[in-house]
Structure formats: structure tokens, C-alpha cells
Amino acid sequence: MTASRAARERRAQGQAGELAKVSVEVGPDDGLVYKIRCRRCEGRPGVPWATYRKGAENDFLAAMDRWTIHLSQKHLDATADCLEFLDQAVARLHERNPRS
Ligand SMILES: [Zn+2]
């Protein structure tokens with residue numbers, strides 16, 4: 001049995017830290033979609049900075065990786081469990097998208 005949506009949401013929220021607002025939603029294909037919004041930043045005017053990734057285990061990492069990098073670049077005073085894995089997050093993102 002897989003963890004419930006609420007349990008996944010709590011786990012991701014715990015890793016992402018206080019600046020994040022994590023939600024796990026069901027996408028059009030019935031897969032889980034992780035959304036991590038920043039409580040401080042706007043991506044576009046009036047719209048919170050956010051990253052959205054489908055919820056397969058790798059994609060969950062992708063959302064958390066992008067969030068981890070956002071935290072490290074924009075919120076130098078932030079503390080969150082995910083920052084422990086910043087080096088891996090940067091390496092994974094680079095692997096997926098060599099130009100970034
Ligand atoms: Zn931010």
C-alpha cells in the first residue's frame with residue numbers, strides 16, 4: 001500500500017521547511033503532482049514562485065531539488081532539511097538539463 005497523499009504532503013513539507021507551502025494533488029492522469037510554493041517570492045507579479053512536478057519518486061525529487069536550489073539562492077537565512085542535499089540537487093538538475 002502506498003503512503004496516502006496527506007502523508008506524502010507532510011513528509012515533503014517537513015523536508016522543504018517553513019518557507020515552503022507544499023501540496024500534493026492528483027493530476028489529470030491520476031498521478032500525484034507535487035507543488036511547492038514559496039511563501040515569500042513571486043515567480044510572476046502576483047503569483048507565488050512555485051515548482052510543479054509529477055509524483056513518481058524521481059519527479060518528487062525534481063520538485064524538491066528545484067525548491068532546494070531556490071532556497072539556497074534566494075533565502076540565505078533559511079533552514080530546511082532539504083538543504084542538506086543541496087550538492088546532490090544541483091548535480092541532478094545539471095544532469096537533467098546540462099545548460100542550466
Ligand atoms: Zn523564495
Side-chain angles (χ1 to χ4, degrees):
M1 203 169 116
T2 56
S4 72
R5 205 149 53 90
R8 287 167 186 268
E9 198 170 277
R10 276 195 303 273
R11 191 179 59 180
Q13 180 69 66
Q15 290 178 5
E18 290 181 352
L19 278 180
K21 187 177 187 311
V22 177
S23 61
V24 179
E25 298 173 10
V26 179
D29 60 355
D30 284 343
L32 296 177
V33 181
Y34 283 80
K35 301 188 178 185
I36 306 179
R37 295 180 184 83
C38 185
R39 292 184 191 276
R40 281 202 206 151
C41 298
E42 294 184 339
R44 289 180 283 130
V47 180
W49 184 95
T51 178
Y52 302 81
R53 290 291 183 276
K54 286 184 178 181
E57 210 54 35
N58 286 341
D59 295 324
F60 163 59
L61 284 173
M64 192 61 76
D65 285 351
R66 286 199 63 213
W67 170 249
T68 302
I69 290 163
H70 174 81
L71 267 186
S72 73
Q73 290 175 342
K74 303 289 184 188
H75 306 290
L76 300 178
D77 56 341
T79 55
D81 290 352
C82 62
L83 286 171
E84 256 182 71
F85 306 108
L86 177 61
D87 289 350
Q88 290 103 303
V90 170
R92 277 193 296 262
L93 202 76
H94 193 69
E95 229 169 69
R96 280 191 294 267
N97 186 3
R99 280 177 300 173
S100 73

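In what follows, residues are counted from 1 in the order of the sequence shown. Model, not experiment: these values are computed from the prediction.
From Lys35, atom NZ reaches atom CZ of Arg53 across 12.5 Å, with rounding to the nearest 0.5 Å. Taking CG of Leu19 as the reference point, atom CG of Asp77 lies at 7.5 Å (rounded to 0.5 Å).
Checked against ring pair (Phe, Tyr, Trp, His ring centres under 6.0 Å), His75 has the following partners two or more places apart in sequence or in another chain: His70. In this structure Asp29 satisfies the salt bridge (charged side-chain N to carboxylate O under 4.0 Å, His left out) test together with Lys54, sequence neighbours excluded. Every residue was checked against the side-chain contact (heavy atoms from CB on, under 4.5 Å) condition with Ala91, not counting sequence neighbours, and none meets it.
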Distance-only donor-acceptor pairs under 3.5 Å for side chains of residues 39-46, two or more places apart:
residue, atom, partner, partner atom, Å
Arg39, NE, Glu18, O, 3.1
Arg39, NE, Ala20, O, 3.4
Glu42, OE1, Gly46, N, 3.3
Glu42, OE2, Gly46, N, 3.4

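In terms of heavy-atom proximity, Leu83 sits nearest to Ala78 at CD1-O, 3.5 Å. Counting all heavy atoms, side chain and backbone alike, Glu9 lies closest to Val22 at CG-O, 3.6 Å. The two residues Gly17 and Ala80 have their closest heavy-atom pair at CA-CB, 3.8 Å.
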Exercise for the section: Walk me through it: do Glu25 and Tyr52 pass the test side chain to side chain contact (heavy atoms under 4.5 Å, CB included)? Expected result: CA-CA 10 Å; Glu25 298 173 10; Tyr52 302 81; over 6 Å; no
Practice task
Kindly determine whether Val24 and Val33 satisfy side chain to side chain contact (heavy atoms under 4.5 Å, CB included), including the steps that lead there.
Solution key: CA-CA 6 Å; Val24 179; Val33 181; over 6 Å; no
Practice task
Test Tyr34 against Met64 for side chain to side chain contact (heavy atoms under 4.5 Å, CB included), laying out the working first.
Solution key: CA-CA 9 Å; Tyr34 283 80; Met64 192 61 76; over 6 Å; no
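Residue pairs satisfying the side-chain hydrogen bond (donor to acceptor under 3.5 Å, both in side chains) criterion with at least one member in residues 81-92, sequence neighbours excluded, are listed as follows: Asp65-Arg92.
Trp67 is not listed as a side-chain neighbour of Gln15, based on a closest heavy-atom distance of 4.5 Å or more.
Under the side chain to side chain contact (heavy atoms under 4.5 Å, CB included) test applied with Cys82, the options Leu71, Ile36, Ile69 reduce to a single match, Leu71.
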